[in-house]
Amino acid sequence: MSISCDMLVFGGTGDLALHKLVPALYHLHREGRLHDDVRILALARKDIDRNAYVSLAERHCRAQVARADFDNAVWQGFASRLDYFAIDATQRSEFAGLAHYLGPAEGRVRVHYLATAPNLFEPIASNLESVGLAGENARIVLEKPIGHSLESARSINSAIGQVFAEPRIYRIDHYLGKETVQNLMALRFANALFEPIWRAAHIDHIQITVAETLGVENRGGYYDHAGAMRDMLQNHLLQLLCLVAMEAPVRFDAEAVRNEKVKVLEALKPITGRDVQDKTVRGQYGAGQVGGHDVPAYYFEKNIDNDSDTETFVAVKAEIDNWRWAGVPFYLRTGKRMARKRSEIIITFKPVPHMLFKKGETNRLVIRLQPDECVSLQLMAKAPGKGMQLEPVELDLNLAHAFRNTRRWDAYERLLLDVIEGDSTLFMRRDEVEAAWRWVDPILNGWQEHYRKPRPYPAGTDGPEQADRLTERHGRQWSH
Ligand SMILES: NC(=O)C1=CN([C@@H]2O[C@H](COP(=O)(O)OP(=O)(O)OC[C@H]3O[C@@H](n4cnc5c(N)ncnc54)[C@H](OP(=O)(O)O)[C@@H]3O)[C@@H](O)[C@H]2O)C=CC1
Ligand SMILES: O=C1O[C@H](COP(=O)(O)O)[C@@H](O)[C@H](O)[C@H]1O
C-alpha cells in the first residue's frame, strides 16, 4: 500500500526528529515504500530556511544510517520531499500561514507528528483545528510520555479527543515497533508449544530488563522532571509486560490486541503507601566508568539540579491479580549508565517436580530485544562422557541470522509507515495509557512520602544493591 501524504513533524529540529524520524523516513524512501507524493515538513521555532534544514537533516542522517545504506543520489531524492516551516506552535495566529503553505489536502492523508514536549500537544491540536488542518484526513501522533500523571494524561487525552477522534490518534511507544517485540506475539500465538505452560502453574517468575549505558545526554531538562519511572517504566516496560501476560486476542487487529493489554494493566496489583519500600527500588547514578571511560555523576550532568532526587534507575516487583498469573512476580528494572546495554525478557520456569539427577537448573526462555535480537531456550542436557552430568545448553534462534538477507527495520520505520497506512495495532489506546498511569501514580505518590532519596549506584554497574534484595528476598536472582 502506498499512500499520498503530508507528514508534518512538529519539533523537527529536536533530538527525536533528527536522530530517529528523519533516518526512518529516509529508509522508507530508499526502499520505495513512500508514495511519490509524500511531502515531509519539519516545523520548529528556529529561524532557518529550507537549505539549512536539509543540511542539518543530512548531517544527522549520515551519522545514523549505516554507511552502506547512505547513497548521495537517494539522499537527493529524499531531500526533494523535505521542507522546513518556522512556527511557534503555541501561537494560533501563525497557523494560518501553515494552512496556506500546505494548500488543500485533495485526498492526501495529513499526519501531524508531535515530536515535542507534551505541554505543546493541546495547543498544537487546537491550533491545527482552528485553521481546518484537523479534518477527517488528519492523524495526530503523540510521543510518550503522555503527561506526567494520570490527571495530566487525562487532560491531554481529553483535549486531543476534542479535536481528533480516537481512531485518528496514534500514541506511539517505539518499543512496540521493535522486531523482537512483535516476535514475542508470534512466539506466543503462532506456536502451540508455549500456551499450555504459559501460566502460574509452570512459570516461577518473569524478569524484564531495559538497561542503557547512556546517561541523560542533552535531555537533562526533560529527564530531571521525568525520571526512569515516567520515561521508561510507565510506557515501554509496561507494554512489554502486557505482551508477555495478555490473553490471546481474538484477531490481530488494533481493538482486539489493545483490549487484551488493557485487561492486564487493570489487573496489576496496586503498590501504595509504604509498599513502595518493599516492592520498588529507586536509584541514581554516581560517577563511574562505562565502556572504559570515566563518566560524571547524574547531578553533574547538563541541566540537572545538583541536589536532584530524580531516579535514573527503577526496579519494581509487579504482580498480576488474575487466574493466569496469580503468585508469579514480574520483576521490572530499567536504568541509565548501567554496566551494559541490553533489553530482555526472561521467563523462568518452575523446577521439575522430582529431580532424578544431581544437578539441575530450571528452564529459561530469554527473549532479547537489544543489542542482538534473539530468542533462546535454556534446557538441561547431559554432558558427554561417563555419568549423568547435566549442563544447561541454549537452543538459540538468532533472528538476525535466521533472516540474514533482510535488513532489520528500525522501530520508527515500521510505526511511521503504520500511521501513514492507518494501522493503529502497535499504538496505545487512551484507556491503556490511563490504566498504566493509574498503576504508576500511587507508586510516585508513595515515593514522595516514604522514599524520597534514590539509592546511589556507581555508573557502569547493574544498579543499586537494594535491587538485588528485591529478588533475593524471594529466593530469586536478577540475570547478570
Ligand atoms: N529524544 C528521544 O530519544 C525521545 C524523545 N521522546 C519524546 O519526544 C518528544 C521530543 O523529544 P526531543 O526530541 O528529545 O526534544 P528536544 O528538546 O530535542 O526537541 C524539541 C523540539 O520542539 C521544538 N519546539 C519547542 N518549543 C516549540 C514551540 N513553541 N513551537 C514549535 N516548536 C517548538 C524545538 O525546536 P525550537 O526550540 O527551535 O522551537 C525542538 O525541535 C518528547 O515528548 C520526548 O519525551 C520519546 C522517545 C525518545
Ligand atoms: O523512550 C525512550 O527510549 C530511549 C531508549 O530507547 P532504545 O530504543 O534505545 O532502547 C531512552 O534512552 C530514552 O530516555 C527514552 O525517552
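Atoms within each ligand, like the ligands themselves, are counted from 1 in listed order. Bear in mind the structure is a predicted one, so any value in this text is a computation, not a measurement.
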Residue, atom name and distance, where the atom is the protein heavy atom closest to atom 48 (C) of ligand 1: L16 CD1, 3.9 Å
Lys/Arg N to Asp/Glu carboxylate O, E373 vs K178, below 4.0 Å: no
Nearest-contact summary for atom 38 (O) of ligand 1 - protein heavy atom, Å: K46 N, 3.1 Å
Contact (N/O only, under 3.5 Å) between A117 and ligand 1: no
Protein heavy-atom partner closest to atom 41 (O) of ligand 1 - residue, atom, separation in Å: T13 OG1, 2.7 Å
Selected option - heavy-atom contact closest to atom 12 (O) of ligand 2, from E212, K144, K178, E143: E212
Polar side-chain atom of D88 near backbone of T90 as donor-acceptor pair, under 3.5 Å: yes
Protein contact to atom 42 (C) of ligand 1 [nearest heavy atom, distance to 0.1 Å]: T116 O, 3.5 Å
Proximal ligand 2 atoms for R219, defined as those under 4.0 Å from one of its heavy atoms: 13 (C), 14 (O), 15 (C), 16 (O)
Aromatic ring pairing Y84/Y53, orientation class (parallel under 30°, perpendicular over 60°, tilted between): parallel
Any N or O of A89 closer than 3.5 Å to N or O of ligand 1: yes
Nitrogen or oxygen of Y412 less than 3.5 angstrom from that of ligand 1: no
Whether Y457 and Y285 hold their rings parallel, tilted or perpendicular, with breakpoints at 30° and 60°: perpendicular
Ligand 2 contact by Y175, heavy-atom criterion under 4.0 angstrom: yes
Aromatic plane relationship, H174 with Y412 - under 30° parallel, 30 to 60° tilted, over 60° perpendicular: parallel
Polar proximity ligand 1 side, G14 side, N/O cut 3.5 Å exclusive: yes
Nearest non-hydrogen protein atom, atom 21 (C) of ligand 1: G11 CA, 3.5 Å
Structural part of L120 in contact with ligand 1, heavy atom criterion under 4.0 angstrom: side chain
Whether E166 side chain and R430 backbone form a donor-acceptor pair below 3.5 Å: yes
Charged N-O contact under 4.0 Å between D231 and K144: yes
Nearest-contact summary for atom 44 (C) of ligand 1 - protein heavy atom, Å: K144 O, 3.9 Å
Carboxylate-amine/guanidinium proximity below 4.0 Å for E465 and R455: no
Ligand-side contact atoms (ligand 2) for residue partner K336, heavy atom cut-off under 4.0 Å: 11 (C), 12 (O), 13 (C), 14 (O)
Per-residue contact class, A44 against ligand 1 - non-hydrogen pairs under 4.0 Å: both
Contact with ligand 2 for D231, non-hydrogen, under 4.0 angstrom: yes
Aromatic ring pairing H112/F10, orientation class (parallel under 30°, perpendicular over 60°, tilted between): tilted
Ligand-residue contact atoms, ligand 2 with Q370, heavy atoms, under 4.0 Å: 7 (P), 8 (O), 10 (O)
Per-atom contacts of ligand 2 with M232, taking only distances under 4.0 Å to non-hydrogen atoms: 2 (C), 3 (O), 11 (C), 15 (C)
Under 3.5 Å donor-acceptor, W478 side chain and Q207 backbone: no
Atom 3 (O) of ligand 1: nearest protein contact (heavy atom, Å): D15 OD1, 3.6 Å
Whether Q284 side chain and T310 backbone form a donor-acceptor pair below 3.5 Å: yes
Heavy atom of the protein closest to atom 29 (N) of ligand 1 (residue, atom name, distance): D88 OD1, 3.0 Å
Parallel, tilted or perpendicular, as decided by the 30° and 60° cut-offs, for the rings of W198 and F194: perpendicular
